[in-house]
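Notes follow the structure.
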Amino acid sequence: MGAKISACGIYVPENTIDNNSLSKYMDTSDEWIRERTGIIKRHFASPEESTIDLAYKAALNLIEESKIAPSTIDYIIFATMTPDCYFPGSSPFFQRKLKLKSVPCLDIRGKCAGFLFGMQLANSLLFSENYKKILLIGAEIHTCLFPFEPLKPILEKTFEEISKENFELNSKYRDRMVLFGDSAGCFLLEKNEKGGIIDSIIYTDGNLAEKLIIKAGGSLRRPFFSPKDYNNEDIIPVLEGREVFKLAVTLMPNVVMEILEKNGYSIDDLNLLIMHQANLRINEAVQIKLGLPDKKIFNNIQKYGNTTAATIPLVYYEAKKEGKIKEGDLICFVALGSGLHWGALLYRA
């Protein structure tokens with residue numbers, strides 16, 4: 001067969017931020033957020049925590065639960081859109097923190113589809129016969145991408161008053177600020193003759209790249225960042241929400257059906273669909289299009305918000321803990337994100 005998920009670990013920051021907390025700092029409400037996204041709460045990392053810190057704690061969770069020796073890990077793939085620094089990426093720092101001397105590591109910037117790309121790549125690497133255990137990480141701290149003025153009162157729930165200007169700035173971007181949370185998740189993938197990855201289909205359409213983009217921070221600008229970028233609000237993500245919604249509810253079910261049919265399965269053969277958790281309303285629309293009953297869907301965006309590269313391991317970990325995944329089950333992972341990247345991966349548990 002293909003690469004098997006032999007272990008999974010997650011880490012969620014302690015700071016739980018509900019919708020009412022956000023409503024103190026922007027023009028929004030619990031009702032407004034739930035109606036549009038399905039999100040009830042999310043977790044924010046503390047100012048002292050980095051993306052690598054979250055990834056490290058998720059890896060420790062995996063190591064503790066699986067009892068594996070870290071020294072047996074021989075390759076690292078790190079998926080994130082919020083690295084600790086612009087370069088050299090997160091994976092070398094993570095490797096150093098885990099004390100995996102000289103183990104090769106790779107960074108992926110596939111955004112919401114990053115973990116899916118990582119699973120596809122890990123499968124190929126394992127069958128190259130060069131590696132035996134690959135640690136795939138997805139970790140994000142989204143609070144660094146938004147104004148959130150001030151962040152400390154939100155975390156501490158002191159609800160200090162903020163300036164009218166800051167309230168208006170937060171409100172201007174409320175459609176995306178309420179969506180995201182911080183967390184990390186990881187898989188240990190190993191070659192297995194029974195079960196594992198069956199197939200993957202992934203697409204990219206660069207014509208849609210501007211639908212989800214941060215304009216600042218690249219070689220197109222001299223320097224990468226400047227006060228002008230901050231003043232023009234170019235450091236804040238652009239999200240064409242309605243267009244992305246339409247694309248997601250079309251492309252995601254289409255690629256699920258494509259990979260099932262390619263491998264001789266029908267939608268009835270599927271035991272569980274694990275979707276990237278971008279918006280509960282997107283996932284509900286995909287479920288309806290595919291005609292899947294609730295028992296074949298597992299969502300947890302309600303508790304965590306969109307954690308980008310970390311959503312798939314978060315969902316898988318909780319679904320498995322709740323007994324939703326049994327040996328022999330046919331599972332399909334599907335995601336869509338900035339790039340525009342989207343795809344599906346078929347897996348036998």
Side-chain angles (χ1 to χ4, degrees), residues 28 32-33 35-39 42 79-83 107-118 120 138 140-147 169-181 200-221 224-225 229-230 232-258 275-289 299 301 305-312 333-345:
T28 190
W32 189 92
I33 297 169
E35 181 183 342
R36 289 161 177 78
T37 70
I39 299 169
R42 73 286 293 146
T80 185
M81 61 177 279
T82 54
D107 288 85
I108 293 180
R109 294 183 62 183
K111 316 306 178 287
C112 295
F115 205 86
L116 204 63
F117 272 83
Q120 182 191 57
E140 306 286 0
I141 293 183
H142 290 108
T143 41
C144 66
L145 298 176
F146 296 106
L169 181 62
N170 291 345
S171 299
K172 181 178 180 180
Y173 295 104
R174 65 176 181 170
D175 62 326
R176 61 215 75 170
M177 289 178 69
V178 303
L179 284 174
F180 294 95
S200 58
I201 298 175
I202 295 179
Y203 295 106
T204 299
D205 187 349
N207 293 312
L208 301 170
E210 284 79 14
K211 300 296 180 184
L212 290 148
I213 189 173
I214 294 180
K215 296 178 181 178
S219 61
L220 186 62
R221 307 200 177 201
F224 282 157
F225 295 99
D229 294 327
Y230 185 85
N232 291 343
E233 299 167 13
D234 287 344
I235 62 168
I236 299 171
V238 172
L239 170 59
E240 295 185 22
R242 291 182 181 179
E243 288 301 311
V244 172
F245 187 99
K246 291 176 184 177
L247 288 164
V249 300
T250 300
L251 297 175
M252 287 171 64
N254 285 354
V255 77
V256 169
M257 293 306 302
E258 181 182 359
M275 292 180 269
H276 164 59
Q277 306 288 294
N279 185 313
L280 185 60
R281 305 307 167 221
I282 289 176
N283 290 4
E284 288 171 342
V286 171
Q287 178 183 353
I288 290 169
K289 281 202 169 186
N299 294 308
I301 188 174
N306 181 354
T307 58
T308 307
T311 67
I312 284 177
F333 298 89
V334 64
L336 176 143
S338 175
L340 190 87
H341 305 300
W342 73 99
L345 184 143

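Since the structure is predicted, the reported quantities are computational estimates derived from the model, not experimental observations.
- Other residues, nucleotides and ligands contribute only 12 or fewer heavy atoms inside 6.0 Å of the CZ atom of Arg109.
- Between Gln277 and Asn299, the closest side-chain pair of non-hydrogen atoms falls below 4.5 Å.
- The existence of a salt bridge linking Lys172 and Glu233 is confirmed by a sub-4.0 Å separation between a basic side-chain nitrogen and an acidic carboxylate oxygen.
- A donor atom on one side chain and an acceptor atom on the other are not found under 3.5 Å apart for Glu140 and Thr308.
- Note: His341 and Phe117 meet the aromatic proximity criterion, with ring centroids under 6.0 Å apart.
- The closest side-chain heavy-atom distance from Ile33 to Arg42 is below 4.5 Å.
- The shortest distance between side-chain heavy atoms of Phe146 and Pro237 falls below 4.5 Å.
- Taking the six-membered ring where the residue is Trp, Phe180 and His142 present tilted rings, their angle falling between 30° and 60°.
- Between the side chains of Gln120 and Ser200, a donor-acceptor pair is found at a separation under 3.5 Å.
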key: Evaluation steps, salt bridge (charged side-chain N to carboxylate O under 4.0 Å, His left out), between Asp234 and Arg221   = CA-CA 11 Å; Asp234 287 344; Arg221 307 200 177 201; 3.0 Å; yes
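- Crowding of Phe225 atom CZ: a count of heavy atoms from other residues, nucleotides or ligands under 6.0 Å exceeding 12.
- In this structure, Glu258 and Val255 have side chains that are in contact, with non-hydrogen atoms separated by less than 4.5 Å.
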